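Model, not experiment: these values are computed from the prediction. Chain identifiers are assigned alphabetically (A, B, ...) following the order of the sequence lines, protein sequences preceding nucleic acid strands; residue numbering begins at 1 within each chain.
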Amino acid sequence: MRVLIVDNGGQWTHREWRVVRDLGAEAVIVPNTIPVEAIDADGIVLSGGSPRAGVNREAMGLNGRYLDELSIPILGICAGHQFMAIHMGGSAGSSAVPEFGKARIYVDEPDVLFEGVPLSFDAWLSHNDEILELPEAFVKLAHSDNCAVQAMHHKSRPIYGVQFHPEVEHTEHGYTIFTNFLELCKN
Amino acid sequence: MFDPEKFITSAIDQIRERIKERAVIACSGGVDSTVAAVLMSRAIGEQLLTVYVDNGLMRKGENSEVDAMLSELKVNHKIVDASEEFFEALKGVIDPEQKRKIIGEKFIRVFEREARQFGARYLVQGTIAPDWIESGGGLRDVIKSHHNVGGLPASMDLDLVEPLRDLYKDEVRKVSRTLGIRFSERQPFPGPALAIRVLGEVTPEAVSLVREANAIVEEELVRAAEAGEMALPWQYFAVLLPVKSVGVQGDARAYGRTIVVRAVESVDGMTANYVKIPHDVLERISNRISNALKDKVNRVLYDVTNKPPATIEWE
């Protein structure tokens, strides 16, 4: 199995690469300008971004085309998650209370992404922006005390977004969440 | 999962494939560069010269410890004293990025000199993933210029080789243990050394203050861990702040500087949490530091910030 990590310039892009590789899949980091036709993979991860990237269309390269044209599973993280909401009809912008470091995540909806994960757990975050309006095609899966949309799932496509960072060591159950995503990529 | 044995075999093959001439390796005695030195040494033997630079910014006793360690590991090595050059270049500099860039460049100039003498074409560094990630480039923001990446000068005479570039600290330690290196658990100590633990100007006097405080933090935490009071943190050290405050020492007014104690738990340095050191241990550290540093330091603080939002080091 082969998963591409689309690099939006985040501090933890290489961590996503490492977790996917640790879980036994082939992981490749690619720039976010790689043409859609060149994507030969079972799933892709849209990484976190450079400062404020999620709300800055230019910094996000071809992420929009990947969302429009690919049918493989997609996991957006942080900026990738925010961009996904904007691109698909919702909105994102400055957080009233940004979250840096540890925060508690509460799972609101059971979903394959959270299989084997308790209903609340500690995750690590680093964001100034967040989703303000959920796109209509998505279901909200989780929240934290200061952020309403910590995770979401497209109603009819294998597209997921998370605001927290399942790829870093300090996030509890991060490997389980990635394992669940890789299971989706297998199918 | 990461397989250290497979990594070692393929790294040695790749090094032999690529390096046909002499090489010098920059070794600070930390786990990353020491592992790189041992790997390189296994691959190309006497074609490699390991260079340790005494930049005047190392911890207490570190120069002789590293010398002994490299001898024990049987790598062909040399200790170069460049402390005066480093202090000279850092005179009057207070900006952390500028410090890192000056140190990066100074290191390279020393290595170029040593490489010329040894007839080497390659410079090997123990660069690992967080070094180039945090140094920025392309879309990625510069968090801090690691001396061995963002601190490299624009022009240099040597071809760079970085065999550990995709690894994190926990993976380097796995490689290190597999290589049988008994120094695999040394705590991380970044290349700019004590220069980035003196906030403000890096003078020999300020460095000697933070060196002494750092030694006390290390001794007390190692002792507390051995006594079962706590687990030894991933990284623990002292930082000297330029902030002065009023105190009273021996019935006399004191107006001294501030030491911050930092101790964090991490796996790979990319995220970290502060360690909940027992108060008794913190008190011992505080007392010893203010007694040892006399009128120079009369206040000790403990840093309770995670990464993010902070980084592990202060600069």
Side-chain angles (χ1 to χ4, degrees), chain A residues 6-25 27-33 47-54 56 58-61 63 78-80 97-103 122-128 164-172 174-175 179, chain B residues 1-4 6-7 10 127-146 149-150 162 164-175 188 233-235 262 264-276 303-312:
Chain A
V6 174
D7 182 14
N8 292 314
Q11 287 294 307
W12 296 324
T13 300
H14 190 268
R15 277 285 327 179
E16 290 151 12
W17 172 85
R18 173 180 170 173
V19 173
V20 171
R21 182 213 57 189
D22 279 356
L23 292 172
V28 185
I29 298 178
V30 294
N32 66 11
T33 48
S47 86
S50 49
R52 317 302 299 265
N56 170 4
E58 275 184 27
M60 297 300 283
N63 279 255
C78 195
V97 182
E99 297 168 300
F100 309 115
K102 184 158 81 173
D122 284 335
W124 231 244
L125 300 94
S126 192
H127 67 110
N128 286 298
F164 64 93
H165 289 267
E167 72 274 26
V168 302
E169 282 286 346
H170 272 76
T171 292
E172 296 176 331
Y175 274 72
T179 304
Chain B
M1 280 292 165
F2 176 71
D3 180 344
K6 225 156 100 186
F7 175 83
S10 86
T127 309
I128 62 172
D131 302 342
W132 60 261
I133 293 169
E134 294 190 337
S135 293
L139 289 173
R140 223 172 314 284
D141 206 27
V142 180
I143 304 303
K144 50 180 74 166
S145 297
H146 286 253
V149 184
E162 297 174 322
L164 309 179
R165 218 181 133 75
D166 270 331
L167 268 48
Y168 290 90
K169 189 71 85 186
D170 56 311
E171 295 168 317
V172 178
R173 288 209 169 113
K174 281 184 187 154
V175 172
W234 193 74
Q235 195 176 343
R262 179 95 163 124
V264 299
E265 207 41 66
S266 184
V267 169
D268 59 4
M270 294 302 287
T271 46
N273 60 283
Y274 81 87
V275 174
K276 294 175 179 117
D303 183 349
V304 294
T305 326
N306 295 334
K307 170 183 184 174
T311 56
I312 296 172

Practice item. State whether the side chain of B/Gln235 and the backbone N or O of B/Val264 hold a donor-acceptor pair below 3.5 Å, judged by distance alone. Key: no
**Asked** Salt bridge or not for B/Lys169 and B/Asp268, using N-O below 4.0 Å?
**Response** no
* Going by heavy atoms in the side chains, are A/Cys78 and A/Trp12 under 4.5 Å from each other? -> no
Residue set satisfying side chain to side chain contact (heavy atoms under 4.5 Å, CB included) with A/Asn128, at least two apart, ordered chain then number -> A/Arg52, A/Pro98, A/Phe100
If you tally heavy-atom pairs under 4.5 Å between each of A/Pro51, A/Gly9, A/Ala53 and chain B, the highest tally belongs to A/Gly9
Applying salt bridge (charged side-chain N to carboxylate O under 4.0 Å, His left out) to B/Glu265 and not counting sequence neighbours gives none
Checklist line | A/Phe164 ring center near A/His127 ring center (under 6.0 Å) | finding: no
Pair count under 4.5 Å, heavy atoms only, with chain A: among B/Ser266, B/Pro309, B/Ala310, highest is B/Pro309
Of A/Ser126, A/Gly101, A/Ser50, A/Gly24, the largest count of non-hydrogen pairs under 4.5 angstrom with chain B goes to A/Gly101
Looking only at B/Met1, B/Lys307, B/Arg140, most heavy-atom pairs under 4.5 Å shared with chain A are made by B/Arg140
Applying a strict 4.5 Å limit to non-hydrogen atoms, the region of A/Asn32 in contact with chain B is side chain
The interface call for B/Asp3 against chain A, heavy-atom contacts under 4.5 Å, is neither
Turns out that what part of A/Arg15 lies under 4.5 Å from chain B's heavy atoms comes down to both
**Aromatic ring pairing A/Trp124/A/His170, orientation class (parallel under 30°, perpendicular over 60°, tilted between)** = tilted
Per-residue tally against chain B (heavy atom, under 4.5 Å) across A/Arg21, A/Arg18, A/Lys102, A/His165 peaks at A/Arg18
Under 4.5 Å to a heavy atom of chain B? For A/Thr171 that would be neither
